[in-house]
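Bear in mind that the values here come from a model prediction, so they are computed numbers and not experimental data.
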Amino acid sequence: MKISIFGLGYVGAVSLACLARDGHQVIGVDIDATKLRLISEGKTPVVEEGMVELMRDVAASGRVSVTTDAVEAVLGSEISLVCVGTPSAANGSQDQGAILRLAAQMGKALAQKDARRSAPHVVVFRSTLVPGTVEDVLRPIVERESGKQDGVDFHLCFQPEFLREGSSIRDYDKPPFTVVGANAEPAHAKLQALFGHLPCKYLPTSVRAAEMMKYCCNNFHALKIT
């Protein structure tokens with residue numbers, strides 16, 4: 001498939017390398033020119049076991065490109081994975097500034113995509129989000145900026161990541177389970193084709209339920225650490 005990945009931090013960079021390794025054409029998108037330069041040179045922007053060799057190999061394969069242009073990335077792909085950070089704010093709430101800006105950029109990019117010439121674009125949010133954020137906060141922004149409708153002209157989905165630093169490539173290849181939240185069958189089918197080969201249980205669910213499962217898993221891990 002042709003995949004664009006927005007945000008080339010820990011999750012985005014590892015996902016880019018693993019998807020390109022598996023034969024997909026991947027476009028990496030970030031505002032950080034240093035990350036883009038490193039990836040284009042076959043170097044890893046994150047410290048992780050196995051990433052030095054993997055990034056070198058996928059860069060040499062010709063299946064990886066990078067850009068700062070969201071429109072270029074969306075027009076050149078059929079699925080977009082959104083991996084920008086959602087850190088804690090000073091008051092303990094979730095700082096959604098980056099994801100809100102990205103939603104607006106995604107909408108403007110989708111406005112230029114002709115759905116009559118291709119299947120509806122699938123946008124998959126992977127950032128940790130407060131349950132309800134995709135449908136109640138991000139969807140109105142994307143629809144307003146694109147002038148198009150979720151479920152008709154594009155599909156907004158949520159697929160949480162469960163990667164641990166130090167073993168992220170192994171975790172990508174052998175996750176505990178794959179949770180995919182989507183509100184339309186074509187989107188589920190597209191994502192099952194992309195991730196259904198992984199050796200774990202595939203759990204299709206609603207967008208809101210997938211967001212909640214990620215929060216529950218994070219809370220469980222925090223409780224164990226405490």
Side-chain angles (χ1 to χ4, degrees), residues 1-9 11-12 15 26-32 36 66-89 91 93-161 179-191 194 204-215:
M1 298 184 186
K2 295 180 179 179
I3 303 164
S4 52
I5 298 181
F6 288 77
L8 299 174
V11 174
S15 299
V26 187
I27 305 170
V29 189
D30 205 288
I31 59 173
D32 188 333
L36 301 184
V66 295
T67 183
T68 58
D69 190 334
V71 174
E72 175 188 340
V74 169
L75 294 180
S77 61
E78 54 197 295
I79 298 177
S80 294
L81 306 182
V82 179
C83 307
V84 299
T86 51
S88 295
N91 64 358
S93 66
Q94 189 176 70
D95 181 353
Q96 296 187 342
I99 200 79
L100 295 177
R101 290 190 294 273
L102 193 281
Q105 291 178 356
M106 185 65 66
K108 291 174 182 174
L110 289 170
Q112 299 188 42
K113 189 156 190 176
D114 188 351
R116 294 171 297 180
R117 295 187 177 183
S118 60
H121 197 83
V122 177
V123 181
V124 186
F125 292 98
R126 305 205 70 193
S127 313
T128 301
L129 296 171
V130 175
T133 298
V134 170
E135 294 176 332
D136 298 341
V137 179
L138 302 179
R139 178 165 62 191
I141 296 173
V142 177
E143 289 186 336
R144 181 187 70 236
E145 297 294 336
S146 67
K148 297 178 179 180
Q149 184 179 351
D150 179 30
V152 178
D153 305 297
F154 59 86
H155 298 293
L156 298 185
C157 309
F158 184 80
Q159 189 219 349
E161 52 80 20
V179 181
V180 174
N183 295 331
E185 186 53 41
H188 269 302
K190 195 85 169 177
L191 293 173
L194 184 60
T205 184
S206 68
V207 169
R208 197 171 294 247
E211 289 172 309
M212 180 59 82
M213 288 182 73
K214 174 60 173 173
Y215 250 73

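- Inter-residue side-chain proximity for L110 and V142 is flagged as met; some heavy-atom pair is nearer than 4.5 Å.
- Looking at D30 and V66, their side chains never come closer than 4.5 Å, going by heavy atoms from C-beta outward.
- Taking the side chain as every heavy atom from C-beta outward, V180 and H188 approach each other to under 4.5 Å.
- Under the rule for a side-chain hydrogen bond (donor to acceptor under 3.5 Å, both in side chains), the partners of S93 that lie at least two apart in sequence or sit in another chain are N91.
- Here the closest non-hydrogen pair linking F158 and R126 is CE1-C, 4.4 Å.
- Between M1 and L194, the shortest heavy-atom contact is CE-N, 4.0 Å.
- No side-chain heavy atom of V137 sits less than 4.5 Å from a side-chain heavy atom of V130.
- For T67, the side-chain hydrogen bond (donor to acceptor under 3.5 Å, both in side chains) test picks out E72, with sequence neighbours left out.
- Here the side chain of E211 pairs a donor or acceptor atom with the backbone of V134 at under 3.5 angstrom.
- Taking both residues in full, the closest heavy atoms of P186 and H155 are given as CB-NE2, 4.2 Å, listed atom of the first, atom of the second, then distance.
- Across every non-hydrogen atom of V207 and G181, the tightest pair is CG2-O, 3.5 Å.
- When all heavy atoms are compared, the tightest approach of P160 to A210 is CG-O, 4.1 Å.
- The CE atom of M213 lies 11.5 Å from the CD atom of Q159; values are rounded to the nearest 0.5 Å.
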Practice prompt. Please report the C-alpha distance between E143 and L156 in whole Å, then the side-chain angles of each, then the deciding distance to 0.1 Å, and finally whether the side-chain contact (heavy atoms from CB on, under 4.5 Å) criterion is met.
Written response: CA-CA 10 Å; E143 289 186 336; L156 298 185; over 6 Å; no

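- Contacts of D32 classified as salt bridge (charged side-chain N to carboxylate O under 4.0 Å, His left out), with partners at least two apart in sequence or in another chain: none.
- Put simply, CD1 on I5 and OG on S15 are 5.5 Å apart, with the number rounded to the nearest 0.5 Å.
- For N183, the side-chain hydrogen bond (donor to acceptor under 3.5 Å, both in side chains) test picks out E135, with sequence neighbours left out.
- Residues M106 and F6 form a side-chain contact, since some pair of their non-hydrogen atoms from C-beta on lies under 4.5 Å apart.
- In this view, D69 satisfies the side-chain hydrogen bond (donor to acceptor under 3.5 Å, both in side chains) rule with no residue, not counting sequence neighbours.
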Side chains of residues 74-87: which donor-acceptor pairs under 3.5 Å do they make with residues two or more places apart or in other chains?
from	atom 1	to	atom 2	distance (Å)
S77	OG	S4	OG	2.9
S77	OG	A73	O	2.7
E78	OE1	K190	NZ	2.5
E78	OE2	K2	N	2.9
S80	OG	S4	OG	2.6
S80	OG	H121	NE2	2.7
T86	OG1	T128	O	2.7

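- A 6.0 Å sphere centred on CE of M212 holds no more than 12 heavy atoms belonging to other residues, nucleotides or ligands.
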Discussion item. Using side-chain contact (heavy atoms from CB on, under 4.5 Å), reason through K113 and F154 one step at a time and then give a plain yes or no.
Written reply: CA-CA 10 Å; K113 189 156 190 176; F154 59 86; over 6 Å; no

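- The environment of CG in L100 is crowded: more than 12 heavy-atom neighbours from other residues, nucleotides or ligands sit within 6.0 Å.
- In this structure the side chain of S146 never reaches within 4.5 angstrom of the side chain of D153, judged on heavy atoms.
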